[in-house]
**Student:** 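This is the structure I want to talk about, given as structure tokens.
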Amino acid sequence: MSKVKISKTKIKTAKISPATKLAGQNYPHQKIETKWQKVWAEKKIYQTNDKSSKPKAYVLDMFPYPSGEGLHVGHILGYTATDIYSRYLRMTGNNVLHPMGWDAFGLPAENFALKHKVNPAVSTKKNIDNFRRQIKSIGLSYDWSREINTTNPDYYRWTQWIFLQLYKQGLAYESYEPINWCPSCQTGLANEDLEDGKCERCGTVVEKKPMRQWVLKITNYAERLLTDLDQLKWPESVKEAQRNWIGKSEGAEIDFPLANKRHYVLLPGFASNSKRSFFPWLKRELEAKGHSVQALDLPDARIPNIANQIEAVLKQVKFGPDTILVGHSWGAVVALKILEKLKTPIAGTILVAGLIEPAVKNRESWPLRLIFNWRFTWPKIKKNAGWVKILRDLKDPLIADNQGLRIQQELGGDLIEFEAEKAHVCGKVEPVVLEHCLEKIKIFTTRPDTLFGATYLVLAPEHQIIQNLIRQPSKKIKNLPAIKNYLTKTKKRTEIERTAEGRDKTGVKIEGLEAINPANGEIIPIYIADYVLVDYGFGAIMAVPAHDQRDWVFAKKFKLPIKLVIWDRQKLTDKSSQIVEDVLEQAYVGEGILVNSDNFSGLSNQKAKIAITKFVRGHLVTKYKLRDWVFSRQRYWGEPIPIIHCANCVLNNPVGRGIVPVPEKDLPVKLPVVKSYAPTGTGESPLADITNWVRVKCPVCGAWAKRETNTMPQWAGSSWYYLRFIDPTNKKFLADPKKLQAWLGAGSPLRNLSQANIGGVSMYVGGVEHATRHLIYARFWHKFLFDLKIAPGSEPFSQLKNQGLVLGPDGRKMSKRWSNVINPDDVVRDYGADSLRLYEMFMGPFEQSKNWNSDNLMGVRRFLDRVWRLSFKVSKTDIKIASDLESLQQKTIQKVSQDIENFSFNTAVSTLMIMANNLELAETISRSLFKDFLKLLAPLAPHLTEELWSNLGEKRSIHLATWPIFEPSKIKINSFKIIIQINGKVRDSFQVEVGTSEAEIKKLALLRPIIIQWTKDQKISRMVYVPDKLLNLVLA
RNA sequence: GGGCGAGUGGCGGAAUGGCAGACGCGAUAGACUCAAAAUCUAUUGAUCGCAAGAUCGUGGGGGUUCAAGUCCCCCCUCGCCCACCA
């Protein structure tokens, strides 16, 4: 799960102070540490018992991606913290689940393997062994009986199982949309895998490439992913990052009709004519908008002769680039046949309740089945059709249900499925037909209140209208070369160049195409500009330069009109309507009152949002920046997607596209072991070449079929692993629901959340870099499993902490490039695991980034040596403890407990240092006092404390002992110091007995010589007394 | 451009609005030692002063308060994340 990149050379490590500094009275860390690690493993003292009745706590680290570089000191920071926390919770009487595993599928392992010509399975195993050895060497208290590995078929069987459930719920689908393609890694990537338009792995600039992909519909969960954030005890920055990533914005979708006049040709259906159904109404409506309309009657309507019909149409109609052909039912078939005959393309084609096969419901004897030759020359039709819209009545009693999709497969275009006013779209009035006959540009805006100020439209270069424009150039477009030129330039520009260059706005006007502002009927120009993104909203915006800074800049550059429609209530004057550019120096984006907006002028802009949207028949909608999760990788080292493609099933049911999920009983679909797994670069996974693996009998029809050869992305296995730890060896299910309920169900006091019922891991710790990937993906899968009633709560991780970055001694990120990498193995060897652990905790606040400093490491080692020497001063039997030492002990218990609970490990360490310093002053140390001290230190330095504990004759491990109880009554204070301030400045202090009254203290203070000196000749106007602490004398 | 976080000795860092600098590192001096290391003891924010002590001091500027590192406003610097999202 880590982003650590694989190195090719051996890591150079930074120098740490030589071990010789340790000579003298120090403890033998190597001997002690290996000894106790062995004992703990043999006695299995960290194994978690599901059946225990103690309160449960699930403390989890983000499991590592086992890279070839080995464990990083940054990993250890997080792992040590959770280890201390787990040990503390155990000692305070909780049943703690604290497991570890390996997130081992993914690109880096595969790239590493390719480079070194070993199988990724082999190198991965080697890396895991090394990680495990290193982790064990620092004495972390994981329950190793629960170790999991995402590349193990017993594990990924359930990853595949979850995918199948997603598929069955319609949340996994095939897409052919252009996606991010990394030419170096030769695979598609999700949006989340990009950094600055570059591949997050290798830094190569990604391309947009259309290809077949599996995609997960995470967008269905956008709203829940957003709102449930409020209930999580997570760092605010991570929650904010997710809110940002989901990117909710509320606004309106509004249609801008095109201003150009068209010539509509309407063809009626079988046995019908231009006077029936919606034809007369549609003609009237279109003519009212200024278009010309020919509603034709076809000859021989009841026994159609296609040749005659085509001839009749061609005779009456002059087809040109402004023609829009509308065919209803059989008329749609005639329309296609006419398109076959045309020499030049028309503007667009609308097929209403159309068909292309004699697939008609309940009409076996339909005459056209026999007398018509159902063959079409599709490429010719496609070339001439212009834009295509296919309208299908969802309850059509005649036309077979698959015809809409079949036409789309042949012609492309938009398939609109709706419920007609009358069956088979035969109503006198069919608004959906009219709506799609009229050409318009749909835009999304968060500011419908500014609609009257929309002075032009801007389309993304990839917008459908522009694609159509290029394919079927209308003579009315006067600057086609300039448009083409701009599109080519945009294409060449990378994502980075598009966003860099100080965000200089570029664009080009479409000469000869105009739109109508639906609010005021003004005809406005249309521009193409790459600052509009195709995959957000509708890839088109209305530009309101007066109230949007980007539009402002663009309008200034292209000298477009700027029209003020909102103005500050305070500055509102009679002349507001003339303010515009000469006063405005930039867009006015604030709230205000509408001006220049017809009847809406005078309204507050908030109210106008709804009113204006309603006025232009727009809709209030919510949009999200979150995109669906591109889930295929064209690579070898990942979980195979459990899908079979069956050509035979396509024939039987074209709508199903021949996608057959692998039956659950056949899981796991094992990744085949092969010699060559290099990426092909063709957009196919290397698995495609493994013929005997790809070839498989279709589980539905039995014919030979092909396996899906794409694999899952690296983030699949980590999206549910925390569930598997709960029941890692379950053969029947991903985990026993009862155990899931026990460990993740809501209501555990340790989760300590105000809102109940979200459940989840009690404490989850890992790097902040997973804010928008792992942590969003896992929440998505968890919510999905929650909906399936498998997960017991709606959130996977109720509490999250991010460890800060551990930088090199030079303050730079640890990297072989700077030779500043600290190898934990060296530290463990020279200073011991306890020193390493304690040092990392002592470095600074847990969540802050900090530099490595070997001198400071030496400091904590000295502390441990001091504790070692203290043990020689311990009394044989319990002796009386001095009261001030006892008070200190109680304060230490309280502070260390609090600090561990709050992850303030640095101050916990310093508190223990203070205690040790005080113990050192004593001739002999009370046995019970020292034992309590060892317990407090045990979570932080488990080896040394275990050794000293056993030296005191204890037979049972200190880590199974009970945490000392804080007893405030034992804190005995006889006197305390009162600070005397004069005007807030400290001037004096003195000791007073406990119980001295306020009046007495004031009296004593005024008798002090220093105070007399400071206050002489001056009047004390006020005395502020803070009980037991301070007295402030305020002089007049 | 937006969001989040942070600015405190020579360094890492501590401080429920109540003695700024806990604890540790480093440094200086001393003890031990033939010597070194280790260990122990003392000192260690700056300035002035023989001293007692005084003044200044938590990025900068204002404010609230008897009292501000801490709360409020403005500004500067650094780090991280997101970024033409209409």
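Chain letters run A, B, ... following the sequence lines, proteins first and then strands; every chain starts at 1.
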**Student:** Regarding A:D865 and A:R861, does a basic nitrogen lie under 4.0 Å from an acidic carboxylate oxygen?
**Tutor:** yes
**Student:** Would A:F558 and A:Y456 count as a ring-ring contact (aromatic ring centres under 6.0 Å, His included) here? Give the steps.
**Tutor:** CA-CA 11 Å; A:F558 289 88; A:Y456 57 96; 8.6 Å; no
**Student:** Can you sort out the partners of A:F903 under ring pair (Phe, Tyr, Trp, His ring centres under 6.0 Å), two or more places apart, ordered by chain and number?
**Tutor:** A:Y85, A:F846, A:F905
**Student:** May I have the distance from A:L626 (atom CG) to B:rA83 (atom P), rounded to whole angstrom?
**Tutor:** 12 Å
**Student:** Mind calculating the distance between CZ (A:R869) and P (B:rC40) to the nearest angstrom?
**Tutor:** 5 Å
**Student:** Is any NZ, NE, NH1 or NH2 atom of the basic residue among A:E236 and A:R243 found under 4.0 Å from an Asp or Glu carboxylate oxygen of the other?
**Tutor:** yes
**Student:** To the side chain of A:R987, which of B:rU55, B:rG3, B:rA86 is closest?
**Tutor:** B:rU55
**Student:** Closer to the 5' end of RNA chain B via nearest nucleotide, is it A:R1022 or A:F538?
**Tutor:** A:R1022
**Student:** Measure CG/A:L807 against C1'/B:rC78 and give the value in whole Å, please.
**Tutor:** 13 Å
**Student:** Is there a donor-acceptor pair closer than 3.5 Å between any side-chain N or O of A:D449 and the backbone N or O of A:Q606?
**Tutor:** no
**Student:** Once you round it to whole Å, what is the distance between C1' of B:rC25 and OH of A:Y839?
**Tutor:** 10 Å
**Student:** For atom C1', what is the distance between B:rG12 and B:rG61, given to the nearest Å?
**Tutor:** 30 Å
**Student:** Can you tell me which residue pairs pass the salt bridge (Lys or Arg N to Asp or Glu O under 4.0 Å) test with a partner in residues 890-911 of chain A, sequence neighbours excluded?
**Tutor:** A:K895-A:D899
**Student:** In whole Å, I'd like the distance from the CG atom of A:D535 to the P atom of B:rA86.
**Tutor:** 13 Å
**Student:** Say you pick atom C1' in B:rC75 and the same atom in B:rG7; how far apart are they, in whole Å?
**Tutor:** 14 Å
**Student:** Determine the interatomic distance between P on B:rC50 and the same-named atom on B:rU58; round to the nearest Å.
**Tutor:** 27 Å
**Student:** Hey, does A:S1021 reach any base, or is it just sugar-phosphate, or nothing, if we go heavy atoms under 4.0 Å?
**Tutor:** nothing
**Student:** Rounding to an integer number of angstrom, what distance separates B:rC56 and B:rG5 when you compare their P atoms?
**Tutor:** 34 Å
**Student:** When you measure from the side chain of A:S1021 to the backbone N and O of A:V1034, does any donor-acceptor pair fall under 3.5 Å?
**Tutor:** yes
**Student:** Write down the distance separating the P atoms in B:rA68 and B:rG18, rounded off to the nearest Å.
**Tutor:** 11 Å
**Student:** Which residues satisfy the ring pair (Phe, Tyr, Trp, His ring centres under 6.0 Å) test with A:Y624, sequence neighbours excluded?
**Tutor:** none
**Student:** Can you tell me the distance, in whole Å, between the OH atom of A:Y624 and the P atom of B:rA86?
**Tutor:** 13 Å
**Student:** Can you name the residues that form a salt bridge (charged side-chain N to carboxylate O under 4.0 Å, His left out) with A:D884, not counting sequence neighbours?
**Tutor:** none
**Student:** Taking atom P in both B:rU16 and B:rA27, what distance in whole Å separates the two?
**Tutor:** 31 Å
**Student:** Using the C1' atom on both, measure B:rC73 against B:rC66 and round to a whole Å.
**Tutor:** 23 Å
**Student:** Looking at every strand, decide which applies to A:Q1013 at a 4.0 Å heavy-atom threshold: base, sugar-phosphate, or nothing.
**Tutor:** nothing
**Student:** Tell me, for nucleotides 11-24 of chain B in 5' to 3' order, what letter each nucleotide earns: B for a base near a protein heavy atom under 4.0 Å, S for only sugar-phosphate near one, - for neither?
**Tutor:** -BSS-B-BB--BBB
**Student:** Measure NZ/A:K557 against C1'/B:rC84 and give the value in whole Å, please.
**Tutor:** 13 Å
**Student:** Relative to each other, are the rings of A:W715 and A:Y777 parallel, tilted or perpendicular (30° and 60° limits)?
**Tutor:** tilted
**Student:** Between atom CG in A:L921 and atom P in B:rU39, what is the gap in whole Å?
**Tutor:** 17 Å
**Student:** With A:K505 as the cation and A:F554 as the aromatic partner, state whether NZ or CZ is under 6.0 Å from the six-membered ring centre and within 45° of the axis.
**Tutor:** no
**Student:** Under the rule syn = chi within 90° of 0, otherwise anti, which is B:rG9?
**Tutor:** syn
**Student:** Name the residue closer to the 5' end of RNA chain B, choosing between A:V1034 and A:E240 according to the nucleotide with the nearest heavy atom.
**Tutor:** A:E240
**Student:** Considering only atom C1', compute the distance from B:rA14 to B:rC4 and round it to an integer number of Å.
**Tutor:** 24 Å
**Student:** Under a cut-off of 3.5 Å for both distances of each Watson-Crick or G-U pair, what dot-bracket string does RNA chain B give, using [ ] for crossing pairs and | for inter-strand pairs?
**Tutor:** (((((((..(((.....[....)))((((((.......))))))((((....))))..(((((..]....))))))))))))....
